[in-house]
Amino acid sequence: FLILLIYDILVANAIVAFRILLGSRHVQPAFVVVPLDLRSDLGISLLANTICLTPGTVSAWLSPDRRTLVVHGLDVRDPEALVTTIKRRYETPLLKVFEPC
C-alpha cells in the first residue's frame with residue numbers, strides 16, 4: 001500500500017504541475033461522492049488522509065452516517081473513474097487491514 005501511495009503521489013505531482021503550466025482552461029474541477037465500504041473510524045481517516053496526500057485530490061466532507069466521502073478533484077473528466085480508482089487503489093487495501101472479515 002505504501003509503495004503504491006508513494007508512486008501515486010509522485011505521478012500526481014507531475015500531472016498537477018503539467019496542468020498548472022497549461023493553465024486553468026485545461027482542468028475540469030469537480031466534486032464526486034465516493035460510497036464507503038470501510039466502517040472503522042481509523043480506516044476512514046486513513047482513506048481520507050491518503051486522498052489528501054495525493055496531489056490534485058482532497059477529501060472535502062464525510063457524511064454523518066459515514067457511508068459517503070465527498071472528494072474534490074482538480075481535473076475530473078470521468079467522475080466514475082475517479083471513484084473506481086479511489087475504491088480499488090486505496091479503500092480495498094485498507095479494507096483488508098481494518099475489516100478483514
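Formation of a donor-acceptor pair under 3.5 Å by the T84 side chain with backbone atoms of E80 is found in this model. The closest donor-acceptor contact from the side chain of E91 to the backbone of L47 lies at 3.5 Å or more, if one exists at all. A distance-only check finds a donor-acceptor pair linking the side chain of S63 to the backbone of T68 [under 3.5 Å]. A donor-acceptor pair is defined here as one N or O able to donate and one able to accept, closer than 3.5 Å; no such pair exists between the side chain of T57 and the backbone of G73.
Closest of all the heavy-atom pairs between L53 and I9 is O-CG1, 3.7 Å. Annotation for L94 and G43: closest pair CD1-O, 3.9 Å, computed over non-hydrogen atoms. Closest approach of R66 and L36 over heavy atoms only: O-CD1, 3.8 Å. Here the closest heavy-atom approach between residue D37 and residue E99 is recorded as O-OE1, 3.6 Å. Taking all atoms of both residues into account, the shortest heavy-atom contact from A48 to S59 is O-OG, 2.9 Å.
To the nearest 0.5 Å, the span separating CD on Q28 from CG on D78 amounts to 10.5 Å. Here T92 contributes atom OG1 and I86 contributes atom CD1; the two are 11.5 Å apart, rounded to the nearest 0.5 Å. To the nearest 0.5 Å, atom CG of residue L10 and atom CD1 of residue I15 are 11.0 Å apart.
Criterion: ILVMFWY side-chain heavy atoms under 4.5 Å apart, direct or through other members. Under it, I51 and V27 are not part of a common hydrophobic cluster. When hydrophobic clusters are built by joining Ile, Leu, Val, Met, Phe, Trp and Tyr residues whose side-chain heavy atoms come closer than 4.5 Å, directly or via intermediates, L82 is not grouped with W61. Both L62 and F98 belong to a single network of hydrophobic side chains, linked directly or stepwise wherever heavy atoms of I, L, V, M, F, W or Y lie under 4.5 Å apart. Connection of I6 to L46 is not established within any shared hydrophobic cluster, with ILVMFWY side chains joined at heavy-atom distances below 4.5 Å, either directly or through further cluster members. Note on F1: it clusters hydrophobically with L42, by side-chain heavy-atom contacts below 4.5 Å among ILVMFWY residues.
In the displayed structure, Y7 atom OH is contacted under 6.0 Å by at most 12 heavy atoms of other residues, nucleotides or ligands. In L22, the CG atom is crowded: over 12 heavy atoms of neighbouring residues, nucleotides or ligands sit closer than 6.0 Å.
When the side chain to side chain donor-acceptor pair (under 3.5 Å) test is applied to N13, no partner is found at least two apart in sequence or on another chain. Judged as a ring-ring contact (aromatic ring centres under 6.0 Å, His included), and not counting sequence neighbours, the contacts of F31 are H72. By the side chain to side chain donor-acceptor pair (under 3.5 Å) test, R89 pairs with D8, sequence neighbours left out.
Within the 4.5 Å cutoff, the side chain of T54 has heavy atoms near those of the Y90 side chain.
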